[in-house]
Amino acid sequence: MIKVEKNLSSVPTILQSQNREDAFNQNLLAQKYAFGKTLYKTSKVQKALNNIYHLKCAFCEQKLLDSPKHIEHYRPKATYYWLSYSWDNLLLACGSCNSSKGDRFKVKNSIVTYNNETYSEIHSLGVDYDSKEEPFIINPEKDDIIDAIEYQADAKVFSKNKRVQHTIEEACKLNRDELVQKRLPVLNDFINQINKHYTLYKKEGGLSRFRPDIEIFLEKVNKQSEFYSFRYFIINNIEVFFTNVNIQKILKALILKVQNER
């Protein structure tokens, strides 16, 4: 879960079309999500979200290259039917996170209800609704929680922040086995390379042998990369993943050096 930037003043034209507004009005009359059930699932909306999210799931951060790309409603359309076509309410998610989250949306206060908002207004209601409801689940378009995400040496994720932990464990199940198994190679490949170099370093010396692997790893510590928050945590918390104090010192010094040279 990393913060992404969405321009709410640049609503895709397709979401401003008359047939979307007509479906919105029909849903208002029915007081439920009953009309235009596929009108938010368009190639133009999909493409825009793919770009904003760098083709990654909003919650688990796995790349969705050949995987199903779900257009997810942050606030479930089953409850917040008037937000079915809200640009502010549409995220990109993988099938597993979307299915796990489902129609559950826990809030601290009472949920908001429709209050005569016009169709043109629904595309920017999130901030106001957040202040009224105080949702438990993180919204990657509103919440910057990168420093509240922590990982264990087995690639499982957790947080001391209650909202982040709710999103991890209850809403999206971000420690499901298949996801942990996808994260592990990011860590293990790095550990194996560093340990191999350390064995040679003890015999022959030469700190420079560690540098290429550090540079390669740092290149992927960017928001476009899969599992960015995991990579970010690894590089900033070397001691969690390397028990050897000498390796810790070498890596911390070289990481700082490479970062300062950039």
Side-chain angles (χ1 to χ4, degrees), residues 1-59 64 68-95 97-144 163 167 171-172:
M1 291 174 290
I2 59 171
K3 191 174 188 301
V4 299
E5 302 299 330
K6 177 191 278 183
N7 185 353
L8 296 182
S9 65
S10 182
V11 181
T13 305
I14 195 74
L15 292 179
Q16 301 179 69
S17 61
Q18 187 60 52
N19 64 341
R20 270 67 178 177
E21 185 169 357
D22 290 343
F24 164 79
N25 288 325
Q26 288 178 301
N27 287 329
L28 292 185
L29 290 173
Q31 295 189 330
K32 63 180 180 178
Y33 177 64
F35 299 92
K37 291 193 173 183
T38 63
L39 292 182
Y40 66 90
K41 300 177 182 179
T42 73
S43 60
K44 292 181 179 179
V45 173
Q46 184 77 70
K47 183 178 180 180
L49 290 174
N50 289 351
N51 290 335
I52 290 167
Y53 282 89
H54 306 296
L55 207 59
K56 298 193 298 182
C57 174
F59 299 106
L64 304 177
K69 303 165 187 64
H70 289 231
I71 297 178
E72 147 76 3
H73 291 81
Y74 173 68
R75 284 182 165 82
K77 57 187 180 296
T79 303
Y80 303 84
Y81 53 87
W82 65 98
L83 299 179
S84 300
Y85 319 113
S86 165
W87 179 231
D88 192 21
N89 197 43
L90 300 178
L91 315 178
L92 181 67
C94 69
C97 284
N98 188 23
S99 176
S100 178
K101 180 174 173 289
D103 292 333
R104 294 174 297 148
F105 192 75
K106 185 178 178 182
V107 297
K108 182 178 180 180
N109 306 316
S110 299
I111 66 168
V112 298
T113 56
Y114 177 67
N115 191 31
N116 296 315
E117 292 92 350
T118 65
Y119 186 66
S120 62
E121 292 173 326
I122 68 168
H123 301 292
S124 57
L125 293 173
V127 172
D128 180 53
Y129 283 5
D130 288 347
S131 67
K132 292 175 179 176
E133 294 181 322
E134 296 189 34
F136 279 79
I137 190 168
I138 293 299
N139 185 341
E141 295 179 4
K142 305 290 193 303
D143 302 305
D144 189 356
R163 289 187 63 220
T167 308
C172 296

*Once you round to the nearest 0.5 Å, how far does OH of Y114 lie from CD1 of I122?*
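It is 9.0 Å, given to the nearest 0.5 Å.
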*Partner of L83 under side-chain contact (heavy atoms from CB on, under 4.5 Å), chosen from L125, L90, N27*: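 Considering L125, L90, N27, a side-chain contact (heavy atoms from CB on, under 4.5 Å) with L83 is found only for L125.
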_As a quick check of understanding, evaluate side chain to side chain donor-acceptor pair (under 3.5 Å) for E21 and N25, giving each step before the final call._
CA-CA 6 Å; E21 185 169 357; N25 288 325; 4.5 Å; no
Closest approach of [X] to [Y] (non-hydrogen atoms, all atoms of both residues):
X    : Y    : value
V107 : P135 : CG1-CA, 4.0 Å
K3   : D143 : CB-O, 3.7 Å
I111 : E133 : CA-OE2, 3.2 Å
D88  : K142 : OD1-NZ, 2.7 Å
A171 : I137 : CB-CD1, 3.6 Å
N19  : L39  : O-CD1, 3.8 Å

_Proximity of F105 and Y74 rings by center, below 6.0 Å_ =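 Here the rings of Y74 and F105 have centres that are less than 6.0 Å from each other.
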*Take the angle between the ring planes of Y40 and Y85 and call it parallel below 30°, perpendicular above 60°, tilted in between.*
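If you compare the ring of Y40 with that of Y85, the planes turn out tilted.
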*How far apart are the C-alpha atoms of F59 and E72, what are their side-chain angles, what is the distance that settles it, and do they pass the side chain to side chain contact (heavy atoms under 4.5 Å, CB included) test?*
CA-CA 11 Å; F59 299 106; E72 147 76 3; 4.3 Å; yes
*Apply side chain to side chain contact (heavy atoms under 4.5 Å, CB included) to K41 and Q46, showing your working.*
CA-CA 7 Å; K41 300 177 182 179; Q46 184 77 70; over 6 Å; no
*When R75 is tested against each of N89, D130, N139 for side chain to side chain donor-acceptor pair (under 3.5 Å), which residue passes?*
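The single option meeting the side chain to side chain donor-acceptor pair (under 3.5 Å) with R75 is D130.
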*Are the charged groups of E134 and R163 less than 4.0 angstrom apart, N to O?*
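Looking at E134 and R163, the cut-off is not met.
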*Should the pair K106 and F136 be classed as cation-pi, given the thresholds of under 6.0 Å to the six-membered ring centre and 45° from the axis?*
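Flagged: K106 positioned over aromatic ring of F136.
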